[in-house]
Amino acid sequence: MIGLVDCNNFYVSCERVFNPRLEGEAVGVMSNNDGCVVARSQEIKSLGVAMGMPAHQIDPHIRRKCTLLSSNYALYGDMSSRVTDVLSQHTPHVDVYSIDESFLSFEGFEADTLEERCQVMRQQVRRDTGIPVSVGLSTSKTLAKIANHRAKKESMFNGVAMMDPNSNDTRAFLEQLPVNEIWGVAGRSAARLHTLGIENAWQLRTASPKHLRRHFSVVMERLVYELRGENCISLDDMSQPKKQIMVSRSFGRLTTDKTDLREALRAHASRAGEKLRRQNGLAQALMVFVHTNRFRQDLPSYSKRLVIPLPHPTDDSRELIKSAMAGLERVFKKDIWYQKCGIMLMDLCDHDNEQLGLLAEPISDEKRARNEKLMATLDKLNREHGKNTVRLGMPRKQNAWELRCEHRTPRYTTRWEELAVAKT
DNA sequence: TGGGCGTGT
DNA sequence: ACACGCC
């Protein structure tokens, strides 16, 4: 049996833990730069604020009834690991799927004890972290996802729903479930399924896998088996090292200033280096890109990307920065209003069995050890004393790439200076 | 009017 | 490179 634990309205729930006054209010959390609404309380959903809606498009009448917060990823990330910690106490197999979702394997557990166990687990998460979660149980991940939706929507389940893949009840539910509500099926695929006469999940489940493979791909074929209750989506991939690492941000305001781009790319390359070292990898190439705001039709549009092979595989932030700066020289154009820039590390390989290129410059073991120690120290300081305690080069004040986040709450759990204060 | 991945063709 | 998906 597989369980899917999903936190309810996760970012909003995190905010409510530290500000209980938000309970019962219409609350939304916005994406970076206060762009779109990416998390919504039940109350704000009822007001008609859609997922992903640009914040500035919300009707002013509605807007006045809402609390819209900037995202506080330091807080959400920390709360997420607290939730995961509790889950790990209830089964040895937890696959963290996203910041607010985990798949749990209950292999070897008695099936008829699971609903009860999950209730206990759910209540412990609530008690220990303050976060409400729902649990879906079934024999495949796709069905566990569907069960999770039911657990959220139908109050009779009390937050834990188990779906027997072969029950009449399941059949009835799948018959009224539109295909686009299935995990892995969105607008385009749903439209193409419709042309084949497949409108609901039951029709998809009873369709011919071979037929679907012809019209789509193995992904859709697997989905048919998943809907039948056969677990065929592997999630070990989740913990696999990344094949690319990307860091990019929109600017807080548009800029034509090369120094802004230089500083932003330096920060992005450093962050990418951190991620790379954490997965014990080396990069063999780096891509730099810049572009303008495609929504601004009054300004010239410009977009450029450039792949730069690295002289040898590296995880050293200083070398990544050096290549990124060289790239910037080649993609930068004067008098362009840039909206975003970023870098992507590519052709990643494992640190421990590095392939030396034919033309690689040999580096002495001594020098290499020193570089590694420097990076390790940098990472340790930033880990233990907070992000950006030590950085490579200092950005100017009031730079254009600083994120807009006018409504961010304190980082209660990850910054000493921002701890919650109990008033007497 | 976000950011960061993945798979498949 | 592109299409499409997830969260």
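In what follows, chains carry the letters A, B, and so on, assigned in the order in which the sequence lines appear, proteins first and then strands, with residues in each chain numbered from 1. These numbers come from a predicted model, not from an experiment.
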In residues 189-210 of chain A, what residues come within less than 4.0 Å of DNA chain B, judged by heavy atoms?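 Result for residues 189-210 of chain A: none.
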Give the residues of residues 36-55 of chain A touching DNA chain B, defined as any heavy atom closer than 4.0 Å, sorted by residue number.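 Hits under 4.0 Å, by residue number: A/Cys36, A/Pro54.
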Round to the nearest Å and state the distance from [X] atom [atom1] to [N] atom [atom2].
X        : N     : atom1 : atom2 : result
A/Lys275 : B/dG3 : NZ    : P     : 12 Å
A/Trp183 : C/dC6 : CH2   : C1'   : 8 Å
A/Met246 : B/dG2 : CE    : C1'   : 11 Å
A/Tyr76  : B/dG2 : OH    : C1'   : 14 Å
A/His215 : B/dT9 : NE2   : P     : 14 Å

Using a heavy-atom cut-off of 4.0 Å across all strands, would you classify [X] as base, sugar-phosphate, or nothing?
X        : result
A/Arg222 : sugar-phosphate
A/Arg404 : sugar-phosphate
A/Ile245 : sugar-phosphate
A/Arg249 : sugar-phosphate
A/Gln57  : nothing

Phosphate oxygens OP1/OP2 of [N]: is one of them under 4.0 Å from a side-chain N or O of [X]?
X        : N     : value
A/Ser248 : B/dG4 : yes
A/Lys145 : C/dC6 : no
A/Ser250 : B/dG3 : yes

Solution key, residues 131-139 of chain A side-chain donor-acceptor pairs under 3.5 Å, sequence neighbours excluded:
residue, atom, partner, partner atom, Å
A/Ser134, OG, A/Asn8, OD1, 2.9
A/Ser138, OG, A/Met163, O, 2.7
A/Thr139, OG1, A/Gly229, O, 2.8

State which residues pass side-chain hydrogen bond (donor to acceptor under 3.5 Å, both in side chains) with A/Gln119; sequence neighbours excluded, sorted by chain then number.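 If we apply the side-chain hydrogen bond (donor to acceptor under 3.5 Å, both in side chains) test to A/Gln119, skipping adjacent residues, the hits are A/Arg122.
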Sequence neighbours left out, what passes side-chain hydrogen bond (donor to acceptor under 3.5 Å, both in side chains) with A/Asn293? Give chain and number order.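 Testing A/Asn293 for side-chain hydrogen bond (donor to acceptor under 3.5 Å, both in side chains), a comparison that skips the adjacent residues, returns none.
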Please table the atom pairs, donor to acceptor, closer than 3.5 Å between any side-chain atom in residues 54-65 of chain A and protein atoms at least two apart or in another chain.
residue, atom, partner, partner atom, Å
A/Asp59, OD1, A/His61, N, 2.7
A/Asp59, OD1, A/His61, ND1, 3.4

